[in-house]
Visitor: 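Here it is, the structure, as structure tokens.
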Amino acid sequence: MQADTLLTGGAVVTMDPERRVIENGAVAVSNGMITAIGTAAELGEQVHAAEVIDITGHVVFPGLIDVHAHAGHGLVKTMGMHGGDRWEAICGKVYTQASPPDFWYAEARLAALERLRFGVTTGVSLLGGGDTIMRSDHPDYAAAHCRGVLEVGTRSVVAIGPTRAPHPITYADWDQAAQRSYQVSFEQQFDTTKAVAEDWHGTHEGRINIAMLYPVLRDEHQRDMVAGDYATACDQSRAVRAYARNRGLIFTQDGHWRGSIRRAEKLGLLGPDALLSHCIDLHDDEIDLVAKTNTKIAHNPSANASIAGRCPATEVMELGACVALGSDATAPDRSGDMFRHMQQAMHYHRRHFRDADVLPIGKVLEMCTIDGAKALGMEDRIGSLEVGKAADIVTLDLARPHLQPGNMPVHRLVCFANGNDVSNVMVGGEMVLREARATRLDESEVLRAAAAEAALMIERIGGAEDLALPIDFWGQKETQP
């Protein structure tokens, strides 16, 4: 058998239906696809590869999948995070008023590079902060994000949609140093999302896909919004959902909790192609609705929402529903390191039940591999190492003090590893990270460009003071003499 690449000698964690772990295993890749999996001895005799990579002492596993994160946040990170709602206000201002396409391009490259270095080959990225700060006034912003991701070489599911009623919404663009503000209607936003889907969905050998988004309608919206605006929002959510179904796109929403799934069901938003994030403090009938409709949940155990309430991920999974893992990165105290979030997920639910056996190690790995693929409707292509699937493959170096002794490799992978232990990443058969360095672009140039765009953004919003340490940073307020 001829092959382009043979990875040989590592512990192969397949995540296939039998959940095989092959000690001293090997994986053969041709034309971007996995063509053989077995022991190193077997494939060494059967496969003639143009490149043979010795990965002895490494764990080999499917590319990790992050089903919920935010584009744009990578250049905002911790700004103003100690000032009550200031961080959210910064995001709102930046994403509507102070983020030209160059901002989205620079941030996309930075975020995709972070994911790549952490072994995340596929990630959902909401084009903004969710509820009322999506950059959906013109397709150029999504296009800039997509171009940035493609330069790095990972896969992105870009979620975009209109803001919640009422409209219009004030946006601004920048011509050199000048700002031009304008009003944007729901119709313009919806046309933008459709154009992005038409231009980008399923392109570049499947590396870019588009998802539709409409903000969650919760109890407080029905209570506090003007009745006509609330009715309009309901109609708009149905329209966006219908477009997603007709176009074959994932429909996602950010921030379900305490009754909002009941409302989503009445609006006809649930279903196997719906991905709902956070989902904290669900009522028992909502848990049943998720399972009955085969709706998918993006569980973000490290997010602030998981402090405000609990996502009943284990209970939902017991009913057979798909729950996948999200980072909610970068917002504002967490990265895209899915190893961190796997470990957080286990402790989060074990603390709740006071039972160290809750959420087994293997299950949490499923949540950001094969279950992540199922949540995105991509399980036929990614999420496991199987013959005929895309060669999205990660290797992790066990030759680290915190990962030794190198026995029990799956335990080392989930319980002890972090993203910086990743050594190689292959996406669609292309080695886009080799020996922990990106192959498609100059990493230092990505960092410089991101820093420059962040500095411009801070100047545009007058945000220099938001970079200072607060007086209670060290745990107590400064006392007056």
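Computed from a predicted structure; not experimentally measured.
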Visitor: Is the closest basic N to carboxylate O distance between D371 and K363 below 4.0 Å?
Guide: yes
Visitor: Using a strict cut-off of less than 4.0 Å between a Lys/Arg side-chain nitrogen and an Asp/Glu carboxylate oxygen, indicate whether R155 and D392 qualify as a salt bridge.
Guide: yes
Visitor: Do NZ/NE/NH1/NH2 and the carboxylate oxygens of E443 and R437 come within less than 4.0 Å?
Guide: yes
Visitor: Assess R247 against Y243: is NZ or CZ under 6.0 Å from the centre of the six-membered ring, and within 45 degrees of the ring's axis?
Guide: no
Visitor: Between R115 and S125, do the side chains contain a donor N or O and an acceptor N or O under 3.5 Å apart?
Guide: yes
Visitor: Do Q97 and Y171 get their side chains close enough for a donor-acceptor pair, meaning under 3.5 Å?
Guide: no
Visitor: Do E198 and H201 have side-chain atoms, one donor and one acceptor, less than 3.5 Å apart?
Guide: no
Visitor: Give the ring-plane orientation class for H73 versus H70, where under 30° counts as parallel, over 60° as perpendicular and anything between as tilted.
Guide: parallel
Visitor: Quick check on side chain to side chain contact (heavy atoms under 4.5 Å, CB included): which of L275, L376, V290 does K296 satisfy it with?
Guide: L275
Visitor: State whether W174 and R460 meet the cation-pi test: NZ (Lys) or CZ (Arg) under 6.0 Å from the six-membered ring centroid, and within 45° of the perpendicular axis.
Guide: yes
Visitor: Please give me the minimum heavy-atom distance between L217 and S260, naming the atom from each residue.
Guide: O-CB, 3.8 Å
Visitor: Between the side chains of S277 and D254, does any donor sit under 3.5 Å from an acceptor?
Guide: yes
Visitor: Answer yes or no: is there a side-chain heavy-atom contact under 4.5 Å between V27 and V12?
Guide: yes
Visitor: Between the side chains of S423 and T395, is a donor N or O closer than 3.5 angstrom to an acceptor N or O?
Guide: yes
Visitor: Decide yes or no on side-chain hydrogen bond (donor to acceptor under 3.5 Å, both in side chains) for H167 and S185, but give the supporting numbers first.
Guide: CA-CA 6 Å; H167 295 88; S185 66; over 6 Å; no
Visitor: Among side-chain atoms of T163 and Q189, is any donor-acceptor pair under 3.5 angstrom?
Guide: yes
Visitor: Would E51 and R434 pass as an ion pair if we require N to O under 4.0 Å?
Guide: yes
Visitor: Just by distance, no angles: are the side chains of D66 and S327 close enough, under 3.5 Å, to form a donor-acceptor pair?
Guide: yes
Visitor: Hey, what's the ring geometry for F186 with F190, parallel, tilted or perpendicular (30° and 60° as the breaks)?
Guide: tilted
Visitor: Can you find a side-chain donor-acceptor pair between Y105 and E453 that sits under 3.5 Å?
Guide: no
Visitor: So, applying side chain to side chain contact (heavy atoms under 4.5 Å, CB included) with S156, which one of I208, T122, L150 is it?
Guide: I208
Visitor: Can D54 and T56 be counted as having a side-chain donor-acceptor contact under 3.5 angstrom?
Guide: yes
Visitor: Can you list the steps and then say if Y214 with Q236 is a side-chain hydrogen bond (donor to acceptor under 3.5 Å, both in side chains)?
Guide: CA-CA 8 Å; Y214 191 85; Q236 291 172 353; 2.6 Å; yes
Visitor: Please confirm whether R135 makes a cation-pi placement over Y95, using NZ or CZ under 6.0 Å from the six-membered ring centre and within 45° of the ring normal.
Guide: no
Visitor: Hey, can you tell me if Y348 and H299 have their rings parallel, tilted or perpendicular (30° and 60° cut-offs)?
Guide: tilted
Visitor: Above 12 or not: heavy atoms from other molecules or residues under 6.0 Å from CD of E205?
Guide: no
Visitor: Does any donor atom in the side chain of H68 or N300 lie under 3.5 Å from an acceptor atom in the other side chain?
Guide: no
Visitor: Just checking, any donor-acceptor pair under 3.5 angstrom between side chains of D421 and H402?
Guide: yes
Visitor: Under a 4.0 Å N-O cut-off, is there an ion pair linking E445 with R448?
Guide: no
Visitor: Take a 6.0 Å sphere around CD of E435 and say whether it holds more than 12 heavy atoms from other residues, nucleotides or ligands.
Guide: no
Visitor: Is the shortest side-chain N to carboxylate O distance from K374 to E379 below 4.0 Å?
Guide: no
